[in-house]
Amino acid sequence: MLITCRSRYGHLEKMTDLVAVWEVALSDGVHKIEFEHGTTSGKRVVYVDGKEIIRKDWMFKLVGKEAFPVGASQTKATINIDAVSGFAYEYTLEVNGKSLKKYMENRSKTTNTWVLHVDGEDCRVVLEKDTMDVWCNGKKLETAGEFVDDGTETHFTIGDHDCCIKAVSSGKRREGIIHTLIMDEREIPESTE
């Protein structure tokens, strides 16, 4: 079986043994992970965002793990290869030691993401709640934080636009703190990633 895949970078790759594709949302962007597994040769190839980062040819052990870094923060990812029956295999992705599903559920509790259109360009803004770092399209932004009467404000700019993430208490223990992105004095709705 020959699968021809065009990556978002425009180069054409021939992936003869492509068995799995995942998308992982990190603070610096959404990363595409592709995995080739030759079940006769044992070949393993891992691509992150269209770039080959691991290639192992002629491996005799067809099951196992492949670990590699993803993104600017070098987040640890592992592909698990397990035999399910006969010559059928199951491929699972772990991120920071958790299944992709658990990682994404946890991430939704520790980050807020907004997607907006600024000066003709799509922008993906991510707030890491534990560090209060703010990222825009893969770059960590310079910020200035200040305490205000009803919480905190984290100020930064995107292009010529003044932005602020307001953090205020919801007044409900289970909801915690509510983070709101404001750009040019306009509230931006949060994205569900």
Side-chain angles (χ1 to χ4, degrees), residues 1-115 122-141 179 190-193:
M1 175 171 85
L2 176 65
I3 297 172
T4 304
C5 171
R6 188 176 293 278
S7 77
R8 65 178 145 176
Y9 300 105
H11 61 283
L12 193 64
E13 300 167 321
K14 289 186 183 356
M15 295 186 184
T16 56
D17 295 311
L18 184 67
V19 293
V21 178
W22 297 274
E23 289 195 346
V24 179
L26 301 176
S27 295
D28 67 335
V30 178
H31 298 279
K32 184 177 183 179
I33 297 171
E34 298 166 293
F35 183 57
E36 285 186 65
H37 186 220
T39 55
T40 52
S41 66
K43 174 183 80 171
R44 298 178 189 177
V45 185
V46 176
Y47 299 90
V48 176
D49 297 328
K51 181 181 175 201
E52 182 180 303
I53 58 166
I54 294 176
R55 174 176 288 274
K56 294 181 179 172
D57 291 309
W58 298 106
M59 294 188 60
F60 295 105
K61 189 172 182 195
L62 296 177
V63 295
K65 299 176 185 248
E66 290 300 332
F68 53 95
V70 178
S73 60
Q74 299 287 288
T75 302
K76 183 183 175 203
T78 304
I79 296 173
N80 296 304
I81 308 154
D82 297 302
V84 278
S85 67
F87 289 103
Y89 297 89
E90 179 179 76
Y91 307 94
T92 55
L93 180 68
E94 291 180 357
V95 181
N96 278 347
K98 297 181 178 90
S99 72
L100 180 59
K101 183 178 183 214
K102 281 268 186 236
Y103 176 79
M104 296 312 287
E105 286 171 0
N106 185 53
R107 186 159 172 76
S108 70
K109 295 174 191 166
T110 60
T111 62
N112 286 80
T113 303
W114 296 269
V115 177
D122 286 332
C123 291
R124 181 178 176 270
V125 176
V126 177
L127 168 68
E128 293 181 348
K129 295 181 201 177
D130 54 350
T131 61
M132 295 304 287
D133 287 339
V134 178
W135 295 73
C136 181
N137 291 350
K139 292 183 176 63
K140 194 158 115 176
L141 301 178
H179 296 87
E190 190 174 349
S191 173
T192 54
E193 223 173 33

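Quick caveat, the model's predicted, so the values are computed rather than measured.
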Note, Thr75 side chain near His31 side chain (heavy atom, < 4.5 Å): no

Point-to-point distance, once rounded to the nearest 0.5 Å, from CZ of Arg107 to CD of Glu128: 6.0 Å

Distance in Å, Leu100 CG paired with Glu105 CD, rounded so as to fall on 0.5 Å steps: 10.0 Å

Shortest non-hydrogen contact from Pro69 toward Ile53: O-CD1, 4.1 Å

Between CG on residue Asp49 and CD on residue Glu23, distance to nearest 0.5 Å: 9.5 Å

Stepwise side chain to side chain contact (heavy atoms under 4.5 Å, CB included) check, Ile54 with Arg44: CA-CA 7 Å; Ile54 294 176; Arg44 298 178 189 177; 5.6 Å; no

Heavy-atom donor-acceptor pair, Asn80 side chain to Glu90 backbone, under 3.5 Å: no

For Val63 against Ile81, the heavy-atom pair lying closest together: CB-O, 3.3 Å

Val70 side chain near Ile33 side chain, heavy-atom distance below 4.5 Å: yes

Heavy-atom check, side chain of Leu62 versus side chain of Tyr89, under 4.5 Å: yes

Shortest non-hydrogen contact from Val125 toward Cys136: CG2-SG, 4.3 Å

Non-hydrogen side-chain atoms of Glu36 and Tyr47 separated by less than 4.5 Å: yes

Pairwise side-chain contact, Leu93 with Tyr103, heavy-atom cut-off 4.5 Å (strictly under): no

Any side-chain heavy-atom pair of Leu127 and Met132 under 4.5 Å: yes

Side-chain (Lys129) to main-chain (Lys109) donor-acceptor, under 3.5 angstrom: yes

Heavy-atom pair with the smallest gap, counting every atom of Ser27 and Arg124: O-NH1, 3.6 Å

Parallel, tilted or perpendicular, as decided by the 30° and 60° cut-offs, for the rings of Phe35 and His37: parallel

Short N-O contact, Arg55 and Asp57, less than 4.0 angstrom: yes

